[in-house]
Each structure stands twice: as C-alpha cells, then as structure tokens.
4 protein chains.
Amino acid sequence: MMEGLNKVMLIGNLGADPELRATPGGKAVANMRLATTDTWTDKAGEKRERTEWHRIVVWGKLAELCHQHLTKGRQVFVEGQLQTREWTDKENRKNFTTEVIATQVTFLGQRPDQRSADPTRTGSRGAATQEPASDGQPPPMDDADVPF
Amino acid sequence: MMEGLNKVMLIGNLGADPELRATPGGKAVANMRLATTDTWTDKAGEKRERTEWHRIVVWGKLAELCHQHLTKGRQVFVEGQLQTREWTDKENRKNFTTEVIATQVTFLGQRPDQRSADPTRTGSRGAATQEPASDGQPPPMDDADVPF
Amino acid sequence: MMEGLNKVMLIGNLGADPELRATPGGKAVANMRLATTDTWTDKAGEKRERTEWHRIVVWGKLAELCHQHLTKGRQVFVEGQLQTREWTDKENRKNFTTEVIATQVTFLGQRPDQRSADPTRTGSRGAATQEPASDGQPPPMDDADVPF
Amino acid sequence: MMEGLNKVMLIGNLGADPELRATPGGKAVANMRLATTDTWTDKAGEKRERTEWHRIVVWGKLAELCHQHLTKGRQVFVEGQLQTREWTDKENRKNFTTEVIATQVTFLGQRPDQRSADPTRTGSRGAATQEPASDGQPPPMDDADVPF
DNA sequence: TTTT
DNA sequence: TTTT
C-alpha cells in the first residue's frame with residue numbers, strides 16, 4: 001500500500017536523441033529532453049504558446065528500448081515520478097535539478113524513421129564518467145541513484 | 001485542443017503552513033512545500049522509504065483558500081503542471097528551480113485543526129518583495145509569472 | 001476546492017469517425033469509440049495483448065473540433081471523467097452504460113488525412129432523436145446530461 | 001513499451017466494507033464501491049453536487065490488504081484501469097459492466113477505526129460461488145479474469 | 001520541513 | 001451505498 005502519490009504524465013517531443021550510458025555498476029540509464037507545449041487564448045484574445053522543457057531519466061531495459069527506437073523530434077508519452085537531485089558544481093556550490101524518472105514511455109504517432117548509421121552515435125559508453133559537473137549541467141546519475 | 005500534456009498529481013503532507021503573498025500587480029500567490037513518501041521492499045527484503053519534497057505554487061482564489069484552510073502536516077492531493085524558472089542569485093549565477101503550478105488542491109482526511117490565533121501568522125503581506133534571492137532560495141514569482 | 005477526484009486518461013485509436021449530434025436544446029455532443037491496447041508478457045513468457053473499448057463523450061466546441069479533425073484510426077489522448085448512465089431498453093429493463101466525459105482531447109501523431117468529401121458524412125443532425133434505445137445501444141445524451 | 005494508456009485515478013469514499021472472495025482457482029479478489037463527489041457552481045451561481053459510483057476490483061495481496069484495513073466511509077485514492085465485462089443474466093440477455101481494476105490503493109486521512117469484532121463479517125469465503133448473476137448484479141470475476 |  |  002503506497003503512502004503517497006508522486007506521478008507525472010507528459011506528452012511532448014524529444015529535443016534530441018536519447019543519450020544512453022551505463023553506471024559504473026553496469027546499469028543502463030538514458031537521459032532525454034522533452035518539450036511539452038501549452039497553447040491557450042489569453043484575455044486579450046491572443047493566441048499564446050509556452051514550451052516547457054523536461055529532463056527525463058529512464059533506467060534499465062526501458063532505457064535501451066528508448067535509445068534503440070526514439071530519435072529527436074519523436075512524440076512520446078512519459079509516465080514517471082518527480083525527483084530532485086542535489087549536486088555540487090566546480091565552484092563548490094549546491095545546485096538542484098529536478099528530473100522525471102520514467103516508468104513508462106510510449107511511442108506516439110508514426111513509426112520512427114530508420115535510425116541513421118551515424119558512426120558517431122554511440123550507445124552505452126564503455127566508460128561512464130562521474131567527474132564533477134562542468135558548465136552548469138547536472139552530473140550523470142550513478143549507482144546510488146538506481147531505483148531497483 | 002491542447003498540443004501536449006504536462007500533468008503532475010501528488011498526494012502528500014505539507015511541510016509547513018502555506019505562505020501567501022501578493023504580486024506587485026495584486027495577484028494572490030501561495031507557496032507550499034509538499035512531501036511525498038514512497039515505500040517499497042528492496043531485493044534484500046528490507047523495507048525502504050524515500051521522501052521527495054516538492055515546491056507547489058498556487059494562484060488566485062485557490063491560493064487564498066489554501067492559506068485559509070491548510071496547515072503544516074495536512075494531507076492534500078495536488079494536480080498541476082511542471083514549470084522550471086530561471087533566476088539569478090547574488091553571485092550573478094544562473095539557477096533553475098522546478099515547481100508544480102497547481103490547478104487543483106484537495107484537502108484529504110479529517111477537517112483541519114482549528115487555526116491557531118497566532119498573531120504572527122499573517123496572510124497577504126502588505127509589501128511583497130522582489131529583491132534578489134538570498135541564501136539560495138528562488139525569488140518569489142511576480143506578475144510576469146501570472147498564468148492568466 | 002474539489003471534494004474528490006474522478007480522472008481518466010487514455011491513449012488509443014478511434015474505432016470509427018466521431019459522431020456529432022445536437023441535443024434538443026442545441027448543444028453539440030460527439031460520441032467516439034476508442035480502443036486502448038495493453039501488451040505484456042505472461043508468466044509463460046508469451047506475448048499477450050488485450051484491447052479495451054471505451055465510449056467517449058465530448059461536449060460543445062471540443063465536440064465540433066473532434067468531428068472536424070478526427071477520423072477512424074486516428075491516435076488520440078483523452079482526459080476526462082467517468083460517468084455511468086442508467087437507461088431503459090425496449091423490454092423496459094434497466095441498463096447501465098459507463099462513458100468517459102472528455103475534457104481534453106489531443107490529436108497524436110501525424111496530421112490527419114484530408115477529410116473525404118463524402119456527402120453521406122454529416123455532422124450535427126437536423127433532428128437529434130431521443131426515442132427509446134433500440135438494439136441494446138444506450139440512448140443519446142440529452143440536455144439533462146449537459147455538464148455546464 | 002506499452003501501446004496505449006488506460007489509466008483511472010479516483011479519490012472518494014467507500015460505500016461499504018470491501019467484499020473479499022477467492023476465485024475457484026484460489027486467487028483473492030476484492031470488490032469495493034467508491035463514491036466520488038464533484039462540486040461546482042453553475043451558471044446561476046448555485047452550488048451543485050454530483051456523486052458518481054464506481055465499481056473497484058482489486059486482486060491478490062492488495063485485495064487482502066484492502067479487506068483488512070478499509071471500512072465503509074473510508075477515503076481512498078485508487079489508481080487502475082478501465083475494463084468492461086460482458087455477462088449474461090437470468091433472462092439470457094447480454095449485460096455490460098465497467099469496472100476499475102485497481103493497481104494501487106492508498107488509504108487517505110486518519111487511521112481507520114478499529115475493526116469491529118463482528119463475527120458475521122468474514123473475509124475470504126470458503127466457497128466462492130459462480131452461479132448465474134441474479135437481480136441485475138454482474139457475476140463475480142473468475143480465474144479467466146485474473147490479470148497475472 | 002511532512003507523514004506512517 | 002460514501003463523504004463534506
């Protein structure tokens with residue numbers, strides 16, 4: 001019996017191809033950037049639009065499936081939960097990053113285009129790094145973050 | 001017809017009484033901290049528990065209702081959408097804070113205890129401030145953030 | 001402040017073009033049949049699949065938009081609430097039909113095919129009927145069902 | 001990767017204590033009736049209220065937990081999926097009943113009152129029956145309905 | 001900083 | 001048949 005509810009549901013488009021890594025302990029993890037667009041008519045009758053960008057984290061077999069089948073621009077449905085990580089940047093300052101840990105990813109719309117055979121596009125890296133975050137980006141997740 | 005979906009649903013307990021402010025333009029806005037607790041049994045058969053803290057923002061009449069009826073510890077259901085704000089701290093560094101903009105708040109469980117007549121507990125402050133954020137806290141929202 | 005939560009979220013494909021009618025009082029209402037498909041691997045390692053059919057009801061301007069833009073086979077996201085109607089059939093027996101009253105409909109995937117200029121495909125019928133249900137179908141909704 | 005989405009989320013009160021049975025094959029299954037109440041202000045400014053009743057089905061260990069801890073009147077959150085069953089009544093007529101197959105049930109609010117020691121209140125019945133439905137009620141689920 |  |  002769960003104690004609470006922490007549920008996120010998103011439909012949007014990927015801002016880039018998923019990035020697949022492995023934790024030092026060997027768990028697959030994929031990161032995706034997802035844009036959701038909200039459109040409405042304001043009081044002045046003007047059409048308005050706002051895009052929100054979300055950081056999606058996918059673990060395990062689902063991460064591999066996302067890397068195999070999803071590409072930039074693809075429309076997806078994501079179900080998951082919110083998680084905020086604290087990390088320390090190069091200036092030794094605390095930063096907080098909120099991510100959606102996905103438990104379900106559904107590919108929407110048409111079959112994806114065939115994956116290009118781009119040799120620079122690699123999946124699980126041989127050496128997933130945990131070096132201090134640079135340029136204001138949150139560091140990759142590691143085995144302490146594995147949720148299972 | 002909406003273009004995407006950006007939906008959050010939470011059930012948890014308030015970490016503190018809601019804080020009610022007014023934007024310079026006079027819009028009521030309440031901030032609440034909500035804890036959702038996840039419990040599960042890990043592979044070793046151990047009971048595990050994780051608490052996640054969420055920043056909830058409520059606008060308008062709903063903000064006032066939350067301030068009137070909700071107190072620290074109260075269990076609530078929140079429905080809303082994710083929004084990430086960028087802000088600049090005292091050292092002129094960019095920070096990002098993700099919040100849940102609530103569209104529905106449901107009071108769960110028993111009626112709240114009678115509100116204490118604590119004279120220090122005030123609602124809409126006479127002077128909502130917009131000074132640069134201090135001590136790593138995101139600044140209050142202002143009229144540019146009003147979603148209606 | 002809402003008292004409870006009654007929320008349905010579906011992603012599936014339309015089994016037929018939406019049917020648009022008007023209530024006797026002139027409100028637009030569209031009916032759609034939506035299939036959601038669930039796939040999983042059973043204990044024996046077999047791929048299993050189950051399709052569930054849902055009755056979707058859409059009111060007002062959204063009903064007209066659905067009729068204009070959606071066609072059989074189209075993938076959609078539906079958000080709404082459950083409602084069970086009681087109706088009496090020709091043998092004077094009570095029947096119950098559960099429908100999803102949609103508050104949001106999102107068109108997923110590719111732009112719809114151009115609507116065929118089929119002259120038999122008509123929208124709001126001149127004469128929306130309320131005659132007793134025949135052949136086991138629930139009767140059309142009427143103005144008593146208008147939710148606004 | 002799921003093909004679609006079929007999600008229901010409800011917050012309401014139980015109309016009666018959960019009824020626990022076992023299928024002929026020995027699976028625990030609980031049935032609950034849940035009321036969700038919707039309140040709104042209509043165009044004339046009148047307070048309006050509508051209550052919707054839902055049929056909840058819970059399987060396995062979660063069914064047993066619900067039977068142990070939930071009683072009439074208790075407020076709960078239910079997450080699950082819609083399923084419509086077809087069944088034949090005594091007059092050999094087809095009937096359809098839509099149920100919510102719960103995957104999560106959260107007990108909301110205060111701890112439940114201590115369970116009364118009513119000796120007539122029994123849990124899993126020694127003999128779960130499958131006789132043809134009487135008085136317009138859908139028949140109990142059986143092993144063909146077990147979702148796992 | 002909540003709650004069980 | 002629940003609850004506020």
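None of the values given here were measured: they were computed from a predicted structure. Throughout, protein chains are lettered first and strands after them, A, B, ... in sequence-line order, and every chain is numbered starting at 1.
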Enquirer: With sequence neighbours left out, write down each residue that passes side-chain contact (heavy atoms from CB on, under 4.5 Å) with C:Asn92, or none if nothing qualifies.
Expert: C:Thr88
Enquirer: Let's see if you can work this out: which of F:dT1, E:dT1, F:dT4 has an atom nearest to the side-chain heavy atoms of D:Lys72?
Expert: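 Of F:dT1, E:dT1, F:dT4, F:dT1 is nearest to the side chain of D:Lys72.
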Enquirer: Check whether the side chain of B:Thr51 and the base of E:dT2 form a donor-acceptor pair under 3.5 Å.
Expert: yes
Enquirer: Is it the case that the side chains of B:Trp87 and B:Thr97 hold a donor-acceptor pair, with the cut-off being a distance below 3.5 Å and no angle test?
Expert: yes
Enquirer: Donor-acceptor check, side chain of A:Asn6 to backbone of A:Leu82, threshold 3.5 angstrom: yes or no?
Expert: yes
Enquirer: Would you state whether a donor and an acceptor, one from the side chain of B:Thr39 and one from the base of E:dT4, lie under 3.5 Å apart?
Expert: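 No pair found.
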Enquirer: Just how far, in rounded Å, is C1' of F:dT2 from CG of D:Asn13?
Expert: 5 Å
Enquirer: Tell me every residue that passes salt bridge (charged side-chain N to carboxylate O under 4.0 Å, His left out) with B:Arg93, counting only those two or more places apart in sequence or in another chain.
Expert: A:Asp89, A:Glu91
Enquirer: Which whole-number value in Å describes the distance from D:Leu14 CG to F:dT1 C1'?
Expert: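 Nearest whole value for this atom pair: 10 Å.
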Enquirer: Just wondering, do D:Trp53 and F:dT2 stack (centres under 5.5 Å, planes under 30°)?
Expert: no
Enquirer: Using whole Å, report how far CE of D:Met32 lies from C1' of F:dT1.
Expert: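 So the two atoms are 14 Å apart, to the nearest Å.
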Enquirer: Could you state the NE2-P distance from B:His69 to F:dT4, rounded to the nearest angstrom?
Expert: 15 Å
Enquirer: For the pair made of CD in B:Gln75 and P in E:dT4, what is the distance, rounded to whole Å?
Expert: 8 Å
Enquirer: The side chain of D:Glu49 is closest to which nucleotide in this list: E:dT1, E:dT3, F:dT3?
Expert: F:dT3
Enquirer: Starting at atom CG of D:Leu108, determine the distance to atom P of E:dT4, rounded to an integer number of angstrom.
Expert: 12 Å
Enquirer: Base, sugar-phosphate, or nothing for B:Gly73, non-hydrogen atoms under 4.0 angstrom?
Expert: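 Result for B:Gly73 = sugar-phosphate.
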Enquirer: Knowing that exactly one of A:Arg55, A:Gln83, A:Arg85 qualifies, which makes a side chain to side chain donor-acceptor pair (under 3.5 Å) with A:Glu99?
Expert: A:Arg85
Enquirer: Quickly work out the D:Phe77 CZ to F:dT2 C1' distance and round it to whole Å.
Expert: 18 Å
Enquirer: What's the CZ-P distance between D:Arg74 and F:dT1, to the nearest Å?
Expert: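 So the two atoms are 22 Å apart, to the nearest Å.
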Enquirer: Looking at F:dT2, E:dT3, E:dT1, which one has an atom nearest to any side-chain atom of B:Arg33?
Expert: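 Nearest to the side-chain atoms of B:Arg33, counting from C-beta on, is E:dT1.
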